[in-house]
Amino acid sequence: MTTERLDQPRELRRTLRPHYDPEAFGRLSERIARFLGTARFLVYMTVFVAVWVIWNVTVPSALKFDPYPFIFLTLMLSLQASYAAPLILLAQNRQDDRDRIQYEQDREAAERNQAEIEYLTREIAGLRLAINEVATRDYLRAELGRLLEELQEPEVRERRRQPR
């Protein structure tokens, strides 16, 4: 009995199972599902079924490959539907995964933005408090106007005292 060592990689084993890339298969399924949901697909399918039915109704019996109950056509459409449904579900699951990741990223960005807004709000509040303690332009103008009046008052008093 051999025990596996954790400090060494496992030996490569050949398997009979086919290997496929899940991402490539997922992308292919999305492309197919996207095509199945288009008007172009509906037109192609309608033309295909119409040609099938017209061919098997109008041509001589020797050339008909699917006579009236169109059993082979029913089989083909059932086969197409049996593959389309899982491919569409796979594409929807992949889209749900992408949406969930996008939602998480949006939520994190919103939290960061909220934190920045709160920080800036606190900074603005702090600046407003600091401005109340600092002399404003209007306050300085009023003080300078008052000083100017005080300086002009002695001149005005002297002029009044001097006779004309």
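Of all the heavy atoms in S29 and L87, the pair that sits closest is CB-CD2, 3.4 Å. Residues V59 and K64 come closest through the heavy atom pair O-CE, 3.1 Å. Here the closest heavy-atom approach between residue D66 and residue I71 is recorded as OD1-N, 3.3 Å. Annotation for R27 and D21: closest pair NH2-OD2, 4.3 Å, computed over non-hydrogen atoms.
No chain of hydrophobic side-chain contacts below 4.5 Å, direct or via other Ile, Leu, Val, Met, Phe, Trp or Tyr residues, connects L89 to F35. Hydrophobic cluster membership is shared by V57 and Y68, with clusters built from Ile, Leu, Val, Met, Phe, Trp and Tyr side chains linked at under 4.5 angstrom. Put simply, V51 and L63 are part of two different groups of oily side chains (I, L, V, M, F, W, Y) that touch within less than 4.5 Å, one to the next. Taking hydrophobic clusters as Ile, Leu, Val, Met, Phe, Trp and Tyr residues chained together by side-chain heavy-atom distances below 4.5 Å, I54 does not share a cluster with L73.
No more than 12 heavy-atom neighbours from other residues, nucleotides or ligands sit within 6.0 angstrom of CZ on F72.
Annotation for L79: hydrophobic cluster partners, listed by chain and number, are Y83 (ILVMFWY side-chain heavy atoms under 4.5 Å, direct or chained).
Among residues two or more places apart in sequence or in another chain, the salt bridge (charged side-chain N to carboxylate O under 4.0 Å, His left out) test is passed with E150 by R146. For R94, the salt bridge (charged side-chain N to carboxylate O under 4.0 Å, His left out) partners two or more places apart in sequence, or in a different chain, are E23, E30. Remark: D99 engages Q95 in a side-chain hydrogen bond (donor to acceptor under 3.5 Å, both in side chains) (not counting sequence neighbours). By the salt bridge (charged side-chain N to carboxylate O under 4.0 Å, His left out) test, E111 is found to be paired with R107, residues two or more places apart in sequence or in another chain being considered. Checked against ring-ring contact (aromatic ring centres under 6.0 Å, His included), Y139 has no partners two or more places apart in sequence or in another chain.
Within the model, atoms CE of M45 and CG of L42 stand 8.5 Å from one another, a figure rounded to the nearest 0.5 Å. To the nearest 0.5 Å, atoms CG (D96) and OH (Y103) are separated by 14.5 Å. Rounding to the nearest 0.5 angstrom, the gap separating the CG atom in L77 from the CZ atom in F48 is 7.0 Å. The OG1 atom of T38 sits 7.5 Å away from atom CG of L36, with the distance rounded to the nearest 0.5 Å.
Taking 4.5 Å as the limit, some side-chain heavy atom of F65 sits within range of a side-chain heavy atom of N56. Within the 4.5 Å cutoff, the side chain of L147 has no heavy atoms near those of the E143 side chain. At least one side-chain heavy atom of R141 sits less than 4.5 Å from a side-chain heavy atom of R137.
Residues Q102 and D106 have side chains that bring a donor and an acceptor to within less than 3.5 angstrom of each other.
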